[in-house]
Amino acid sequence: MAQDNVTVQLMDTTLRDGEQTQAVSFSPAEKVSLAKALLQRLKIDRIEVASARVSEGEKVAVAQLNKWATKEGLVDRIEVLGFVDHTLSVDWITDTGGKVLNLLAKGSLKHCSEQLKKSLNEHVIDVKQTINYALSKNLKVNIYLEDWSNGYKDSPEYVYEMVEKLSDAGISHFMLPDTLGVMSPDDVFASLSDMTARFPHLKFDFHPHNDYGLATANAMYAVKAGVSSIHCTMNCLGERAGNASLTEVAIVLQDKLGKKVNIDESEIHNLSKLVENFSGKRIADNTPIVGADVFTQTSGIHADGDKKGGLYISALTPERFARSRSYALGKMSGKASLAKNLEEMDIELDEDQQKKLLKRIVQLGDQKATITADDLPFIIADLLERNDFNNVELLNCSINSGLDLESTVSIRVRVNDKIHKASGSGNGGFDAFIKAMKKILNEHDFSFPELVDFELRIPPGGQTSALTECSVTWEDAGEQFTTRGVNTNQVIAGIGATLRMINLRLQDK
């Protein structure tokens, strides 16, 4: 969609409203680091970093941040929530070197009369007293109309009168919150169209919450209604179901409404990971834009379509966000998925090898949901080592282990044309398996070589669900050789390496 040259401001409140997420509390060092990243790397328009008078640690963090921001010429973009308390919040902010007060006032008749026990006029007098004091201290003042969404629905005349009475009070932004996340996109468009038409000379912000999962859609309809500033948080942090996602809002406004937003898209993923680490709140792998899996194609049909003409590629390209596309391997894989991964790793296999490799990947996919690109070299090495000797085949294997108990194994094995059953016990499942196999192979005059080394590896950066490669080094008649097994189960990987050794030795005989 073509740009219409209208820029929408984004105000990030991860460090204030986002900190109301259950069990999230940023240390002063974390708060300063995140604020710097939001302003300098992401290049966000404004950030709300704290609530006045909360704690001494909060005051220290805000002071450190403002000192840095003053040197960088960014202090006017840092905002702090304050309260209708005449001098207290204002003095707290000025003591930290701050320049912007976001004053929290009551945006609904119910809140004003039942919580404050005051009339609208009484509340406005108190609000103006705090505003005048803030202006005298050279602070810029914005105002939140708390519970505005319910106030507009239940007592619109209260909202109109309050805004009218404050319209000449020196307020820069009137910030309208959907405090409980109760609005639908239609509600947002109707109410904000009314507000912007009724007060065309005022600047309105919209502050959505995500209780119905509608925060991004509501932000979109707020902008369609004429609002020029949206509040959001990284990773949808916030009280209850969280605030609007900064990532989603920024991209939707650009791609779906053709608006300009002042952020560096290539830093979104980095900021998301930083907030994840500092907050301890992990995002889902399928989170739009920033999730681990959102640029991974799983279906072989999709990989084939991309290979033949980018048929499954949209405007949400990973390159926009300094990320890359990948093609998952597993039981849903097809030839195209495999070819894409081999091409990425600069590995060449002939057609027969690719067929065998794909068959093996699908088999492993039944045990493990996804085979990663890091797993692939293990599987290829395992495949290329195979000579398809099939003198010995493990038909069934049951392993039992327990704390302070010997492990036991029951196996059913085919040796040439004969089926054997055996059991064994030992110091771990692998030892128990070896003892059971020795019972069977004694009947076939097979002498086990000496085990020299046993090594387990998972791919670099692998997860606990990663494939395991087991390399076992054997010595027979002074000659050492190594066999390999690959499986999601460590013991079964070792068993696979052992079976390969047995097949090789039986074939030699």
Going by atom types alone, do N102 and E48 pair a side-chain donor with an acceptor below 3.5 Å?
yes

Would you indicate whether F199, at its atom CZ, is surrounded by more than 12 heavy atoms from other residues, nucleotides or ligands within a distance under 6.0 Å?
yes

OH (Y221) with more than 12 external heavy atoms under 6.0 Å:
no

Where is the tightest heavy-atom contact between A493 and T468, given as atom of each residue plus distance?
CB-O, 3.7 Å

Applied to residues 112-127, the salt bridge (charged side-chain N to carboxylate O under 4.0 Å, His left out) test, sequence neighbours excluded, yields K118-D126

List the steps, then state whether salt bridge (Lys or Arg N to Asp or Glu O under 4.0 Å) holds for E79 with K140.
CA-CA 9 Å; E79 305 175 10; K140 175 182 174 181; 5.3 Å; no

When every non-hydrogen atom of G82 is compared with those of L101, the smallest separation belongs to CA-CD1, 3.5 Å

Are the side chain of R46 and the backbone of Q9 linked by a donor-acceptor contact shorter than 3.5 Å?
no

Parallel under 30°, tilted from 30 to 60°, perpendicular over 60°: which one fits the rings of Y144 and H231?
perpendicular

How about K203: does its NZ atom have over 12 heavy atoms from other parts shown lying under 6.0 Å from it?
no

Partner set under side chain to side chain contact (heavy atoms under 4.5 Å, CB included) for V159, not counting sequence neighbours:
W148, V163, M195

Less than 3.5 Å apart, any donor N or O on the side chain of N243 or T233 sitting next to an acceptor on the other?
no

Closest heavy-atom pair, V227 versus I230, reported as atoms and distance to 0.1 Å, is CG1-CD1, 4.3 Å

The single option from D91, D85, T87 that satisfies side-chain hydrogen bond (donor to acceptor under 3.5 Å, both in side chains) with Y133 is D91

Residues that E239 engages under salt bridge (charged side-chain N to carboxylate O under 4.0 Å, His left out), provided they are two or more places apart:
none

With distance as the sole criterion, is a donor-acceptor pair present between the side chains of D186 and S184 under 3.5 Å?
no

